[in-house]
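What you see is a predicted model, and the numbers here were worked out from it, not measured in a lab. Read the numbers this way: they start at 1 and go in the same order the structure lists the ligands and their atoms.
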Amino acid sequence: MTEQAPEPFEPVDEDWQTAVAIVAHPDDMEYGGAAAVARWTSQGKKVVYVMVTSGEAGIDSLDPAECGPLREAEQLASARVVGVDTVEFLGHPDGVVEYGLPLRRDIARVVRRHRPDIVITSNFRETYGGVFLNQADHIAVGRATLDGVRDAGNRWVFRELLAEGHEPWNGVRQIWAAASPDAKHAVDTTEHFDLGVASLEEHKAYLAGLGGAMAEPREFLEGFGRGAGSRLGTRFAVPFEVFPLS
Ligand SMILES: [Zn+2]
């Protein structure tokens with residue numbers, strides 16, 4: 001029996017001006033997505049990062065009270081490398097993020113404040129394909145992002161946001177989940193690959209506390225980028241599952 005070659009990826013739509021990336025942890029954008037962000041900021045687009053947690057439970061040898069501020073600082077440095085100046089932290093607890101109304105409301109508030117064309121999140125499927133299990137916070141944040149974006153457009157959902165002065169925003173055209181095993185789209189990151197590596201390398205303390213393949217930024221990102229690139233017809237790429245809203 002011969003194995004079927006995977007379907008080729010379609011290029012993502014790049015006719016937009018503003019994107020907000022909403023992910024669970026510092027480092028989530030850097031494990032794949034940062035090179036794409038570097039490409040977009042080089043095109044003059046604006047990208048904002050929103051981290052649902054500060055990643056304070058991410059380093060085994062470091063108490064969360066010390067770890068949180070350190071990881072926030074590393075994320076700011078990492079974002080700067082790819083042209084992102086605005087990084088916000090929503091302060092949900094790392095490792096035990098709950099899908100629920102408080103998270104949906106916080107995401108709706110972010111979307112109303114920044115009024116993006118595109119919202120990016122990370123893979124929220126059960127796995128990364130095959131047997132590589134996803135992590136609970138990623139799943140909760142991705143699902144809450146799908147819902148919070150639509151809540152942002154409904155005046156009568158989370159009415160306290162109106163009282164805070166945040167008018168509804170219906171302008172999000174698509175939500176993109178990076179590195180989803182169900183991706184059918186991708187963006188060519190060949191020209192911005194090195195910036196993606198440099199961005200991940202800014203997570204110095206985090207990488208020092210990690211072992212295994214994920215602690216080697218260039219090697220990890222080469223493998224990831226080459227796999228997606230082979231389906232887009234480019235050297236490197238980042239895959240996205242695209243959810244159109246309008
Ligand atoms: Zn993560």
Side-chain angles (χ1 to χ4, degrees), residues 19-37 47-62 64 67-79 81-82 84 87-100 103 106-107 110 119-146 148 175-183 196-197 199-217 219-221 223-225 228 238-241:
V20 175
I22 302 170
V23 296
H25 311 118
D27 80 54
D28 285 351
M29 285 304 292
E30 287 68 41
Y31 278 108
V37 172
V47 181
V48 169
Y49 282 1
V50 176
M51 311 287 138
V52 168
T53 80
S54 296
E56 69 274 11
I59 303 179
D60 187 64
S61 61
L62 205 56
C67 187
L70 177 64
R71 298 209 65 203
E72 288 186 3
E74 290 189 342
Q75 183 62 62
L76 293 176
S78 172
V81 170
V82 294
V84 174
V87 182
E88 298 175 353
F89 299 90
L90 298 183
H92 286 248
D94 185 17
V96 288
V97 172
E98 286 185 302
Y99 172 91
L103 181 55
D106 285 353
I107 290 170
V110 159
V119 169
I120 297 163
T121 188
S122 52
N123 173 29
F124 54 84
R125 302 296 184 188
E126 296 287 313
T127 71
Y128 284 92
V131 295
F132 298 106
L133 281 174
N134 205 345
Q135 195 264 352
D137 290 354
H138 301 162
I139 296 171
V141 168
R143 295 200 172 281
T145 297
L146 292 184
I175 302 171
W176 297 351
S180 167
D182 295 338
V197 173
S199 181
L200 178 53
E201 284 172 344
E202 289 293 340
H203 292 277
K204 294 187 180 78
Y206 180 70
L207 290 167
L210 266 188
M214 290 188 80
E216 303 294 338
E219 287 73 4
F220 178 86
L221 291 174
F224 173 83
V238 175
F240 289 97
E241 186 175 1

Is there a donor-acceptor contact under 3.5 Å from the side chain of Ser199 to the main chain of Ser78? yes
Donor-acceptor side-chain pairing of Tyr128 and His138 below 3.5 angstrom: yes
Of all N/O/S atoms in Asp28, the name of the one nearest the Zn ion (ligand 1): OD1
For the Zn ion (ligand 1), decide whether Asp137 has an N, O or S atom at a distance under 2.8 Å. no
Heavy-atom donor-acceptor pair, Glu241 side chain to Pro181 backbone, under 3.5 Å: no
Write the atom name of the N, O or S atom in His25 that is nearest the Zn ion (ligand 1). ND1
Donor-acceptor pair, side chain of Tyr31 and main chain of Met214, under 3.5 angstrom: yes
